[in-house]
Amino acid sequence: MSEERVRRLARLRELLVKRIKELEDELSGLREILSAVEELLKELSFRPLSLPEEEAEAPAPALAPPAPSAEAERVIPLTTVEGEVLAHMHAGPGYVRIVPAEGKRFHASSRPFRYFLRQLQGMQDREASLVAEGRMSPDEVVSFQVVKEGDVIKEVVIKNVKPEDVRKLRSIARWTFRTMWEQMTGSGA
């Protein structure tokens with residue numbers, strides 16, 4: 001075999017090993033999501049039928065003003081299964097901000113958070129392909145930024161969020177912060 005051919009095969013091997021690692025990480029993340037979904041299904045099967053999202057978004061006091069307009073910001077707590085607040089998701093017209101709760105330190109380098117960023121990147125890539133097809137304007141593509149201090153997440157800002165994507169983002173963010181918390185505290189199933 002020629003030296004060049006050996007180099008190409010070695011490079012190909014490196015690419016395959018890297019891709020297999022990425023797929024294994026993704027599979028691990030999907031298994032964690034499946035576990036969280038199964039856990040939630042078990043929890044819901046022992047309660048009266050009501051969605052957790054509806055409980056979290058219900059206005060608290062009876063003296064609250066009438067339902068806010070579509071332009072108002074909603075603050076959605078992201079909690080553990082036991083109800084401990086891990087972060088707050090601020091959803092407004094065209095944006096979502098996720099801010100860890102006071103006293104909670106989550107790390108950007110954690111596997112669940114990297115999975116969360118891959119999901120955001122996937123949304124961005126899908127919309128970029130719509131731009132390429134001429135079905136969306138470039139200034140409508142979702143974008144995101146992670147504000148951090150060292151490796152500690154201070155805030156995640158997601159812009160150009162479509163109303164139909166807020167529920168998906170809430171679900172992914174809830175899973176991400178719950179999983180990070182479980183890994184940090186050693187809780188969970």
Side-chain angles (χ1 to χ4, degrees), residues 26 29-30 32-34 36-37 39-40 50-60 64-132 135-184:
E26 185 175 349
L30 291 171
E32 290 177 27
I33 291 173
L34 177 61
V37 168
E39 182 179 315
L40 188 57
S50 69
L51 297 176
E53 292 83 8
E54 293 170 352
E55 295 168 12
E57 294 174 27
S69 71
E71 297 298 310
E73 179 179 87
R74 291 183 302 153
V75 179
I76 304 162
L78 303 177
T79 63
T80 63
V81 174
E82 295 80 22
E84 182 175 356
V85 177
L86 301 174
H88 293 93
M89 181 171 145
H90 303 260
Y95 73 90
V96 165
R97 290 176 44 243
I98 302 169
V99 181
E102 188 71 32
K104 302 286 193 268
R105 293 173 51 99
F106 296 101
H107 298 278
S109 61
S110 71
R111 180 187 281 173
F113 192 73
R114 290 192 321 261
Y115 176 80
F116 178 68
L117 294 179
R118 284 196 305 270
Q119 296 301 307
L120 293 176
Q121 186 64 51
M123 289 176 69
Q124 191 174 56
D125 292 346
R126 282 187 292 281
E127 291 185 358
S129 69
L130 294 175
V131 170
R135 296 172 39 198
M136 180 182 272
S137 168
D139 58 332
E140 295 175 320
V141 174
V142 71
S143 64
F144 59 94
Q145 176 185 9
V146 179
V147 178
K148 50 188 182 166
E149 192 173 284
D151 189 44
V152 177
I153 302 162
K154 293 298 179 186
E155 178 179 33
V156 179
V157 180
I158 309 164
K159 297 179 182 172
N160 296 326
V161 176
K162 285 58 170 178
E164 61 271 18
D165 290 334
V166 172
R167 180 174 283 229
K168 176 182 177 182
L169 285 171
R170 176 180 56 211
S171 176
I172 296 169
R174 180 184 294 128
W175 175 85
T176 298
F177 281 86
R178 279 182 179 176
T179 305
M180 286 190 293
W181 184 251
E182 288 171 1
Q183 288 178 354
M184 288 167 42

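Along the sequence shown, the residues carry numbers beginning at 1.
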How far does [atom1] of [X] sit from [atom2] of [Y], to the nearest 0.5 angstrom?
X      : Y      : atom1 : atom2 : value
His90  : Glu73  : NE2   : CD    : 6.0 Å
Ile98  : His88  : CD1   : NE2   : 12.5 Å
His107 : Met184 : NE2   : CE    : 6.0 Å
Leu130 : Ser137 : CG    : OG    : 11.5 Å
Thr179 : Leu86  : OG1   : CG    : 10.0 Å
Asp125 : Glu127 : CG    : CD    : 10.0 Å

[X] vs [Y] side-chain heavy atoms within contact, under 4.5 Å:
X      : Y      : answer
Ile172 : Phe116 : yes
Val142 : Asp165 : no
Leu30  : Tyr115 : yes
Phe106 : Thr176 : no
Leu169 : Leu120 : yes

How far apart are the closest heavy atoms of [X] and [Y], and which atoms are they?
X      : Y      : value
Trp181 : Lys104 : CZ3-CD, 3.3 Å
Ala108 : Arg114 : O-CG, 4.0 Å
Pro100 : Phe177 : CG-CE2, 4.4 Å
Met180 : Phe113 : SD-CB, 3.8 Å

Residue that, paired with Met89, satisfies side-chain contact (heavy atoms from CB on, under 4.5 Å) out of Val156, Ile76, Ile158: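 That would be Ile76.
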
[X] side-chain N/O to [Y] backbone N/O, donor-acceptor pair under 3.5 Å:
X      : Y      : value
Arg174 : Thr79  : no
Asn160 : Val141 : yes
Lys162 : Glu140 : yes

Should we count CD of Glu164 as having more than 12 external heavy atoms under 6.0 Å? yes

Which residue, Gln124, Gln119, Arg118, forms the side-chain hydrogen bond (donor to acceptor under 3.5 Å, both in side chains) with Gln121? Gln124

